[in-house]
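Reviewing the structure listed below.
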Amino acid sequence: MTLLELEDVTASYGPVQVLEGVSLSVPENGAFGILGANGAGKTTTLRAISATVRTGGRITFDGKDIRGLRPDQVAALGIAHVPEGRGTFGDLSVRENLRVGAYLRNDRKGIDEDIDYCLDLFPNLQERIGSNASALSGGEQQMLAVARAIMSKPRLLLLDEASLGLAPSTAKNVYDAIRRLRSESGIAMLVVEQNANLAFTLVDGATVLETGRNVLTGTTAELKGMDEIRRAYLGG
Amino acid sequence: GREGGGGGGGGGGSASPGITDDSVTLGVTTPLSGATAGPGTCTVAGVKAYFGAKNAEGGVEFGDGKTRTVDIRALDDTYDPQQAKANYDQLKNDVFAMTAGLGTPTNRAWRDAAIADEVPQVLIMTGDPLFSDTEESPWQLGFVPIYQNEGEAFGELLATSSEEHKVAILSQNDDYGEGYVEGFKSAIEGADNIEIVDELTYEATDTSVDAQITELASSGADIFFNAMSVTPLMIASLQKAQQLNWKPSWFLPSNTSSPGAILEPGGAAAYPGIYSVSFAKAPQSPAFAQDEDVVEYLAALKEHGDYPDPPAFPHCQWSWMIGATLEQAFGEMTEPTRENFMEALRSIEDFQAPLMLEGTAVNTSEEGQPAVSTLNVQKFNGKGYDTVESFG
Amino acid sequence: MAAELTLQDVSLQFGGIKVLQEVSFTVEPGQIFGLVGPNGAGKTSLFNCISGHYKPTSGVVRIDGAEVQGARPATLAGHGLARTFQHPALQLHETVLENVLLGAHSRLPGGALEWAVRTPRTRRAEKELRAEALELLERNDLGWAAHLPADELSHGLHKGVELCRALLMKPKLLLLDEPAAGLPHTEVETLIATVRRLRAEDDITVVIVEHHMGLIAALTDRVVVLDHGAKLMEGSAAEAQSDPRVIEAYIGKDAADDAA
Amino acid sequence: MGTFIQLVIDGLSTGSVYAALALAIVLVHSATGLINFAQGGMAVLAAYFAWYLTNQGVPLIVAILLSIVFSFALGAVVERWLMRRFERGDPDTAVVVTIGLLTLITGIAGWLWTYNNQQFPSLFPLDTVSFLGVSVSIRSIGTTVVIVVAMVLLQALFVGTKLGLALRAVAINPQSAAFSGLPVGRLLMVGWGLAAVLGAVAGALVAPQLTLTPGMLDNALVYALAAVILGGLTSPVGVVVAAWIIGILENLAAVYVPFIGHDLKIAVPFILLFVVLIVRPQGLFGRKTVVRV
Amino acid sequence: MASASSLSTSSRSAAAPAAAAPSFRQRRWVRMAAPLVLALVLAVLPLVLPEFANETIARIGVFAVAVLGLNVVMGYTGQVSLGQIFFLGVGAYVTAYGVQNDWNIVLVFVLACLIPAVAGLIVALAAARLGGLAIAMVTVALPIVGVPLAKRLSEFTGGSQGLSARFADNPEWTGLYDDQWQLYIVLVIGGIVFLLTRYLVRGKYGRAFAIVKGNENVASSMGISPYRYKVLAFTIASLIGGVSGFLYMLVVQYTSPETMSFGHSIELLAAMVIGGAGSIVGSILGGAWYVLVPQLTNAVDASLTALLQGAVLLLVLFVLPGGLASLPRALTRGRRRSGADRGVGAPPTTPSSTAGSGTAAEGSERERQGPA
Ligand SMILES: Nc1ncnc2c1ncn2[C@@H]1O[C@H](COP(=O)(O)OP(=O)(O)OP(=O)(O)O)[C@@H](O)[C@H]1O
Ligand SMILES: Nc1ncnc2c1ncn2[C@@H]1O[C@H](COP(=O)(O)OP(=O)(O)OP(=O)(O)O)[C@@H](O)[C@H]1O
Ligand SMILES: [Mg+2]
Ligand SMILES: [Mg+2]
């Protein structure tokens with residue numbers, strides 16, 4: 001079953017159109033990747049889903065058209081977006097950040113458990129639990145953003161370069177944990193990632209964007225087998 | 001001005017700007033918004049009411065035999081000198097004379113220009129003596145008594161007292177407060193039964209004068225001379241002194257002594273005596289409830305002055321009187337020129353304008369004095385005021 | 001002249017948190033020096049101590065032999081230190097060119113009055129540096145974006161603009177904080193080439209913080225590994241990558257396998 | 001000595017007036033990141049509303065409660081239909097919009113109810129109690145107590161509740177807040193609504209003392225802002241304490257420092273503010289915000 | 001599907017703008033001619049306009065200069081200053097005092113610039129350490145304390161009765177009317193100040209001010225000491241404020257403590273934002289706003305000025321959040337951008353300024369977005 005489907009989606013910032021027609025689909029419990037050069041439109045595609053750019057085309061989630069919703073309404077459907085850059089609440093403590101992530105939930109106990117889970121996953125955050133998020137190091141903030149998204153128990157996770165600024169081992173841990181989430185809780189995910197080596201350990205398939213269009217879509221195995229992909233993204 | 005002083009100077013009766021055979025336009029610049037909008041609004045309402053009523057009857061008769069309607073063009077200056085000057089610039093070539101505006105700095109801002117342009121700036125509401133100095137201000141004339149006079153009147157009354165008095169003074173930190181204090185002090189000079197025990201100031205922008213009242217209360221004075229022009233602060237002072245159980249006799253200026261708007265909410269009945277000076281009947285006072293002048297005035301204010309409530313500020317009454325005084329001057333004008341108008345205006349003697357208290361009158365020919373310089377000292381009787389001759 | 005950088009027992013504390021603990025090392029003039037370590041190890045903080053944005057709690061920082069700890073960032077910048085930021089900080093509403101020109105500040109002569117009356121000297125200098133900035137952008141494949149507002153560029157390209165801005169300062173010592181983050185593979189290779197060329201042409205010392213081990217391995221002459229604010233080891237990139245402590249604390253077992 | 005204590009007590013009660021307004025400003029700031037210059041104007045409007053109702057025969061306490069409801073709606077409407085357009089733009093523009101709003105509200109009040117001073121009935125009796133040779137009006141005590149209660153409630157809202165956390169999160173990063181499912185628009189409206197409610201309470205408390213005019217709180221605004229910055233923008237307790245300090249210090253300086261006197265006493269809070277800010281840029285009780293490079 | 005060889009970096013070059021050569025030439029031509037035309041118009045205008053128009057333009061000049069100063073410190077450098085009117089007041093008092101004591105008018109002018117500048121420098125040396133709202137509250141103290149201070153120093157200031165000074169009566173040889181002569185002086189002095197400021201905020205210093213406003217950490221790493229540049233901007237603003245004070249005396253010919261009342265500082269701030277913060281043209285528009293709106297509301301209904309002014313202010317900002325100076329940009333933005341790059345399939349032009357109307361929720365929700 002398809003969970004998320006983009007059909008010929010366009011998007012623009014003010015008068016500047018940057019997506020010229022992007023199509024992709026993420027199956028229930030699936031993981032799909034988006035690759036592309038800087039400026040190709042990866043981030044914009046995720047923003048189109050979470051309703052933070054002006055869009056055209058069709059975006060359906062769970063069979064329903066979600067275009068025209070507000071960002072928080074999209075989130076309420078169970079789509080959690082880990083944005084590019086610092087997506088944390090600088091003046092809130094690490095714990096408060098996590099609590100905000102769980103805003104849509106009301107199961108007190110579950111929330112506390114999940115906070116513990118996240119702190120387990122990111123020992124750095126455990127150490128800085130009471131600090132303001134703005135004091136954290138770049139990588140720690142990235143961890144916090146991912147953790148906050150996990151706190152909302154989403155059905156679909158949008159990850160925009162979640163490994164950005166993470167140490168190699170930490171990046172790996174994060175991806176391991178996300179993979180675990182996928183198998184344990186059945187979360188689906190749409191992943192933008194420059195580190196294609198890492199991304200390919202997670203996703204089943206991916207699309208390559210170029211100037212706001214899909215130029216190539218395939219399964220992980222297919223893509224890995226293509227020379228030009230290896231050259232451009234895998235450094236092989 | 002481009003006329004280079006031609007405004008009123010044109011010899012031989014060519015009409016000045018702002019006047020035709022059947023109408024004359026007067027300009028007002030006064031605060032209609034901002035902190036002083038309360039009294040400011042009144043300055044327009046009274047004169048508008050006066051001439052509104054006259055116009056409804058056909059107009060005002062001029063000395064040249066013509067009957068003219070009187071239009072008022074009022075602009076808001078928010079008590080900003082610069083804006084007042086701008087308003088003047090805007091009006092000067094369209095109006096016959098400027099009148100009734102409230103405020104010292106706002107009137108001073110264009111005084112020089114009015115002199116240079118030879119535009120009358122008359123019957124304005126400031127107690128600044130400069131405007132009544134004919135030498136310095138040939139095209140000006142104040143209306144209300146200079147602040148010094150008001151302070152003096154009370155000082156003179158106090159000097160007649162047979163008892164010993166200790167006086168505490170609180171005054172607004174500007175020419176208003178200074179004028180009052182100066183007049184008061186000059187009147188009690190030499191009176192050895194009077195001692196000033198403490199003297200403080202406050203800013204018109206203060207939110208509270210509690211500290212001053214507390215400090216003055218500790219002086220043990222039995223007379224409190226409070227030269228204050230801000231209504232809420234006056235009410236608060238009356239309340240605060242009671243709260244401190246300090247019960248002196250008070251002196252209040254003419255514009256902050258309204259029985260309904262200040263004394264009643266302030267709980268003035270608790271004090272042995274509340275004195276003020278006035279030359280106008282207070283419409284709220286029961287003594288004048290049936291007074292013909294007052295009834296006519298209140299009706300006109302509502303109908304022509306666009307002022308529905310009974311006024312809380314005496315400025316409404318004053319500007320009504322300004323209307324009457326102007327009419328008086330118009331009646332003496334033989335030529336439709338500003339110069340002729342100034343002449344006529346300066347020659348009014350003992351004119352008992354409507355709403356004027358017995359014993360006061362408009363006198364425009366007195367050197368160095370505004371149109372009104374006579375005042376009655378009054379004492380609060382629980383409802384309104386009675387004129388008094390001696391302290392106690 | 002490329003600068004020499006020496007740190008001697010540099011420590012930094014915020015409240016109770018020990019961010020840096022007695023870190024010492026020396027960067028020789030002309031070296032490309034790597035600084036790696038897990039998240040929160042104190043790499044950026046160390047940069048801040050060098051560039052004057054943080055004042056070390058104790059210890060000595062020397063640039064070309066002069067003690068500079070506690071000096072103001074602006075002073076240090078005036079003496080040939082340039083840096084980029086981990087999180088790119090551009091003037092988003094200004095054009096890319098204006099952003100880059102900011103790097104020319106100290107190289108432009110004249111006081112406020114001279115600029116207000118536009119003396120020929122200031123006009124000439126502005127013109128020259130504008131041309132230089134354009135050329136710099138061109139060389140970094142960003143020439144096409146020179147006149148676009150920075151916020152119309154995608155995130156990944158901001159890094160490049162920041163680098164150009166720092167380069168226009170003509171520094172003797174350049175600190176790069178995760179320059180490769182968010183770049184696709186091909187761009188990382190371009191970056192490596194750029195830094196190499198820099199050293200060759202401009203006689204400059206470079207310190208790089210980076211999690212991209214490929215870049216570190218390809219580029220650096222020497223690396224220091226930080227962990228929890230303390231120096232874990234110092235050596236060549238290859239030594240670091242095979243050091244078990246480093247693998248344990250930083251690279252991760254599997255990742256090390258992958259890279260191998 | 002009696003005078004000294006009396007001056008301190010007087011300062012406390014003046015300070016409470018500033019504190020009332022300051023709390024509302026803090027609430028809006030925490031919930032939207034803006035300084036609302038129109039806060040006082042909105043409070044005045046609420047007070048006029050209550051005053052109007054009492055003139056129609058509605059009992060005072062009911063009138064005040066109704067004005068509180070009215071204020072919540074007013075705050076929410078202002079946010080939704082006016083401020084929202086500016087909330088993420090240049091903050092200077094938003095501040096100027098609130099200045100424009102203040103002007104507009106003052107104008108409306110003057111137009112509807114004239115610039116005359118209106119008597120607003122007091123919730124508390126005008127009696128005074130005396131002790132130690134000092135007299136305090138019941139009204140001051142009542143005002144102070146209400147302020148303290150409001151302060152405690154506000155503090156509790158921010159640190160202890162989900163709503164408070166959500167309000168703060170929205171102010172800090174609306175986009176991430178939306179990504180976490182927080183209804184950003186609605187929360188902003190609630191923030192403004194609650195601040196307006198606080199303002200309405202403040203208005204009802206101080207109107208009997210200042211007498212009701214369209215510009216009633218204009219002069220208090222400057223003091224309230226000074227208290228907000230001095231106490232620390234993030235701390236309800238801080239701003240109330242700061243407002244009291246300002247009220248007391250001003251009185252004492254005016255009386256006991258002859259050079260300052262009553263005319264220059266207004267300089268005192270600003271000198272204090274300046275000295276404190278040099279030492280503690282975040283204010284007396286404020287949380288330090290870390291700006292990392 | 002595109003050929004794989006283009007996969008790597010092609011997306012960036014695709015966005016290269018195609019500069020249209022003829023329009024550029026045209027623009028250069030306009031750029032050369034416009035100042036000349038403008039100068040000519042300004043030279044002739046005072047001769048043909050009626051008296052009141054000249055007086056009004058002169059007043060606009062006064063406040064445009066004051067707003068310009070505020071723009072230097074706030075619009076360009078980001079320090080919220082609520083004290084600008086204080087420096088205008090000081091400049092006016094210095095001028096009035098000098099004129100009353102028959103000092104040489106050039107000396108008076110120099111002092112009217114220098115004394116506020118020095119006062120500003122002293123204030124800034126202390127205040128520039130603060131940021132954000134803190135500096136706003138410290139600067140607001142200037143007018144607030146300035147008013148009672150001016151009253152207390154009545155020996156120099158004339159106390160609450162203020163000072164009058166007329167010094168701009170036209171010299172005989174000009175054959176001009178007073179209002180024309182005054183306007184010429186305002187235009188010349190104001191024009192010079194505007195020109196110098198315009199150059200200053202373009203190059204090295206403009207960029208430095210902007211980065212100090214944008215990010216102090218970046219500024220300092222570029223060798224720009226935020227503190228020094230804040231002090232510099234504040235001092236320049238004070239100096240320009242002094243110039244406006246001189247012009248104020250020239251035009252209004254009277255000053256009193258009310259001149260520098262705190263409310264005017266707020267109005268200046270509003271004028272700056274409505275004109276357009278960080279914009280030279282915006283400063284002129286701000287000055288025009290300051291002078292014309294009260295005039296306009298007075299004409300509509302003098303008893304509703306506050307209501308009308310508030311309403312007009314909100315209306316203008318609602319339509320043009322970037323201020324009046326952003327009007328042309330708002331009108332042309334869509335066309336320029338969509339024409340310049342990625343021309344294919346550009347959507348119909350939607351000036352961002354209209355986004356909030358109609359479906360306000362959606363529109364402004366969107367406005368808030370963009371890279372965080
Ligand atoms: N706020 C904006 N206004 C105008 N154009 C924008 C804006 N943000 C992004 N763009 C443009 O949209 C295009 C796609 O940007 P996007 O951020 O989606 O790229 P990306 O693929 O995520 O790149 P990166 O790998 O660098 O993050 C780019 O050409 C960029 O210049
Ligand atoms: N101003 C500050 N206030 C409080 N803590 C700080 C501050 N600056 C840094 N820290 C703390 O110091 C530690 C080191 O931070 P730093 O940014 O130097 O790490 P880093 O090595 O650069 O990590 P990353 O690879 O994630 O960027 C972090 O735990 C951070 O929270
Ligand atoms: Mg991206
Ligand atoms: Mg770092």
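Residue numbers start from 1 in every chain, and the chains themselves are labelled A, B, ... in the order their sequence lines are given, proteins ahead of strands. Values below: every heavy atom of this structure, side chains too, minus hydrogens, waters and symmetry copies.
The minimum heavy-atom distance between B:Q90 and E:Q295, with the atom names listed, is OE1-CG, 3.5 Å. The heavy-atom pair separating B:A113 from E:R166 by the smallest distance is CA-NH1, 3.9 Å. Summarising the geometry of E:Y248 relative to B:D80, their closest heavy-atom pair is OH-OD1, 4.5 Å, with the distance given to 0.1 Å. Across all non-hydrogen atoms, the minimal contact from B:A74 to E:A302 is O-CB, 3.1 Å. Residues E:N298 and B:Q83 come closest through the heavy atom pair ND2-NE2, 4.1 Å.
Using a 4.5 Å cut-off on side-chain heavy atoms (C-beta onward), E:S261 and B:Y79 make no contact. Side-chain atoms of E:Q253 and B:K85, non-hydrogen and from C-beta on, do get closer than 4.5 Å to each other. A heavy-atom distance below 4.5 Å is found between the side chains of E:R59 and B:D89.
The structure places OG1 of B:T36 at 9.0 Å from CD of E:E258, a figure rounded to the nearest 0.5 Å. To the nearest 0.5 Å, the span separating CD on E:E55 from OH on B:Y88 amounts to 8.5 Å. Between the OG atom in E:S164 and the CZ atom in B:R108 there is a gap of 7.0 Å [rounded to 0.5 Å]. E:L88 CG to B:Q82 CD: the interatomic distance, rounded to the nearest 0.5 Å, is 9.5 Å.
When heavy atoms are compared at a cutoff of 4.5 Å, B:D77 does not approach chain E at all. Contact of B:E203 with chain E is made through the side chain alone, with heavy-atom distances under 4.5 Å.
Interface check for chain E: of the options B:D112, B:V44, B:T104, the most heavy-atom pairs under 4.5 Å are formed by B:D112.
Side chain to side chain, E:T305 and B:D76 meet the donor-acceptor criterion of an N or O pair below 3.5 Å.
Applying the ring-ring contact (aromatic ring centres under 6.0 Å, His included) test to pairs two or more places apart or on separate chains, those with a residue in residues 289-315 of chain E are E:F63-E:Y290.
Between B:K92 and E:E51, at least one side-chain N (NZ, or NE/NH1/NH2) sits under 4.0 Å from a carboxylate O, which counts as a salt bridge.
Judged by distance alone, with hydrogens and angles left aside, the side-chain atoms of E:S160 form a donor-acceptor pair with the main-chain N or O of B:D175 at under 3.5 Å.
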